[in-house]
Amino acid sequence: MTARMTKLGSLEVLKEKGLDVSTVIDIGVHRHTPELIKAFPDKPHLLFEPVTEYYEDIKTNYAAINYTLFPIALSSESSEGFLRTFDISGLGSVSHSSISTEGGEGTRPIHIAALDDVLKARNDDTPYLIKLDVDGAEMQILRGAIAALQKTDCVIIECPVSIDTNMFFDRANFIREHGFVLWDIVDFCYYKNQLSQVDLVFIKQHVKQTKFSPWNEGSFDQAQWNAMFQ
């Protein structure tokens, strides 16, 4: 058995088994996503990040990558809105952000777009790999990415479980309804001895059936099965 509890470990297994990725779509890139940089250094990365405070770090971290940075927020439809940034780390830097339709003190104007509207004006190679980490706005973004999901073979979604348990099932069910199955659960994050969040890795159902079933890889291996319990 190959132990893996991280995004990078899971991606390395998927690559080894033949997952086809032509373009990486990283939604909520923050300063970088090191696992995607390491796993796909030779693929174009489309980076969606509305927080300008991260841009210098993005420029540095993606210096060796073919990337395009979109300084916009994504949602279910295109519109104009406002970005609010805040810090929960206590380090004096931006740690999180949120989007709303109402302005006010501490906000800045931001263009909001649906992913499908952005991609239809481009000619990127497919299939896509999509990663979402946007502090709770994942469902709105997915609703604006129906066409993109049809051209995607792998989706990675950060999923809180301690704040609202519906977040886990809403995201998992939505992705399943659009032709994906769960491949892995990685990056278990515990806070005060309670499971706080995980990352869910999904692959297209037809890809799973043709390439990624352990039960179709030769005869049953009792030693590997026993290793899971050691």
Side-chain angles (χ1 to χ4, degrees), residues 2-14 19 24-40 45-51 53-54 57-58 61 73-76 83-100 115 128-145 148-149 152-178 180-204 208 228:
T2 301
R4 65 181 191 278
M5 299 298 289
T6 66
K7 283 192 290 294
L8 180 59
S10 192
L11 288 170
E12 287 177 339
V13 173
L14 285 170
L19 178 71
V24 175
I25 299 176
D26 192 341
I27 304 170
V29 66
H30 205 263
R31 291 179 168 85
H32 68 324
T33 305
E35 300 91 344
L36 293 179
I37 292 174
K38 187 169 183 179
F40 304 104
H45 290 232
L46 308 185
L47 310 179
F48 291 85
E49 179 54 66
V51 179
E53 286 86 344
Y54 301 149
D57 285 337
I58 288 173
N61 293 329
L74 293 178
S75 190
S76 58
L83 175 74
R84 182 182 299 278
T85 61
F86 49 98
D87 174 31
I88 66 171
S89 68
L91 299 177
S93 60
V94 176
S95 65
H96 292 73
S97 64
S98 62
I99 304 296
S100 70
L115 181 61
Y128 302 124
L129 178 148
I130 297 177
K131 185 225 82 178
L132 297 99
D133 178 358
V134 287
D135 302 330
E138 285 81 0
M139 285 304 301
Q140 296 95 308
I141 293 173
L142 288 170
R143 293 188 181 102
L149 290 174
T152 300
D153 281 357
C154 182
V155 177
I156 304 171
I157 308 178
E158 183 184 78
C159 189
V161 295
S162 61
I163 299 172
D164 181 353
T165 55
N166 288 330
M167 287 184 176
F168 183 99
F169 296 104
D170 287 348
R171 295 169 188 179
N173 287 332
F174 185 92
I175 290 295
R176 182 181 59 84
E177 290 168 359
H178 287 83
F180 292 82
V181 293
L182 183 65
W183 156 261
D184 213 346
I185 304 176
V186 298
D187 292 349
F188 287 76
C189 177
Y190 287 83
Y191 178 66
K192 296 184 178 179
N193 294 321
Q194 297 184 60
L195 182 62
S196 178
Q197 68 182 36
V198 296
D199 278 16
L200 305 178
V201 183
F202 297 90
I203 56 176
K204 268 287 174 57
K208 173 72 161 58
M228 293 192 301

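Numbers here simply count residues along the sequence, with the first being 1. Only a predicted model underlies this, so the values are computations on that prediction, with no experimental measurement involved. What you see below is based on every heavy atom in this structure, not just the backbone, and it leaves out hydrogens, waters and symmetry mates.
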> Rounded to the nearest 0.5 Å, what separation is found between the NZ atom of Lys131 and the CD1 atom of Ile27?
Replying inline: 8.5 Å
> So do Asp187 and Lys7 actually touch side chain to side chain, heavy atoms under 4.5 Å?
Replying inline: yes
> Counting only heavy atoms not in Glu177, do more than 12 sit closer than 6.0 Å to its CD atom?
Replying inline: yes
>> Nearest 0.5 Å, please: how far is CD1 in Ile185 from CZ in Phe168?
In response: 5.0 Å
> Who passes side-chain contact (heavy atoms from CB on, under 4.5 Å) against Leu8, sequence neighbours left out?
Replying inline: Thr6, Glu12, Glu35, Lys38, Ala39
> When rounded to the nearest 0.5 angstrom, what is the spacing between CG in Leu200 and CH2 in Trp183?
Replying inline: 14.5 Å
> With sequence neighbours excluded, what pairs up with Phe174 under the ring pair (Phe, Tyr, Trp, His ring centres under 6.0 Å) test?
Replying inline: His178
> Can you find a heavy atom in the side chain of Tyr54 that is under 4.5 Å from one in the side chain of Val29?
Replying inline: no
> What pair of heavy atoms forms the shortest contact from Leu83 to Pro50, and how long is it?
Replying inline: CD2-O, 3.6 Å
> For the atom pair CD1 (Ile58) and OG1 (Thr33), what is the distance rounded to the nearest 0.5 Å?
Replying inline: 9.0 Å
Under 3.5 Å donor-acceptor pairs involving side-chain atoms of residues 138-145, not counting sequence neighbours:
from: Glu138; atom 1: OE1; to: Gly136; atom 2: N; distance (Å): 3.1
from: Glu138; atom 1: OE1; to: Arg171; atom 2: NH2; distance (Å): 2.8
from: Glu138; atom 1: OE2; to: Val134; atom 2: N; distance (Å): 3.0

> Quick one: does Leu36's side chain get under 4.5 Å of Leu11's, heavy atoms only?
Replying inline: yes
> Roughly how far, to the nearest 0.5 Å, is CG of Leu19 from CZ of Phe40?
Replying inline: 6.0 Å
>> Could you report the tightest heavy-atom contact between Asp199 and Cys159, atom names first, then the distance?
In response: OD1-N, 4.5 Å
> How many angstroms lie between CG in Asp153 and OH in Tyr128, if you round to the nearest 0.5 Å?
Replying inline: 12.0 Å
>> Using a 3.5 Å distance criterion without hydrogens, assess whether the side chain of Asn61 forms a donor-acceptor pair with backbone atoms of Arg31.
In response: yes
>> Quick check on side chain to side chain contact (heavy atoms under 4.5 Å, CB included): which of Ile130, Leu149, Leu132 does Leu115 satisfy it with?
In response: Ile130
> For the residue pair Leu195 and Tyr190, what are the closest heavy atoms and their distance?
Replying inline: N-CD2, 3.4 Å
> Are any of the side-chain heavy atoms of His30 and Asp133 separated by less than 4.5 Å?
Replying inline: no
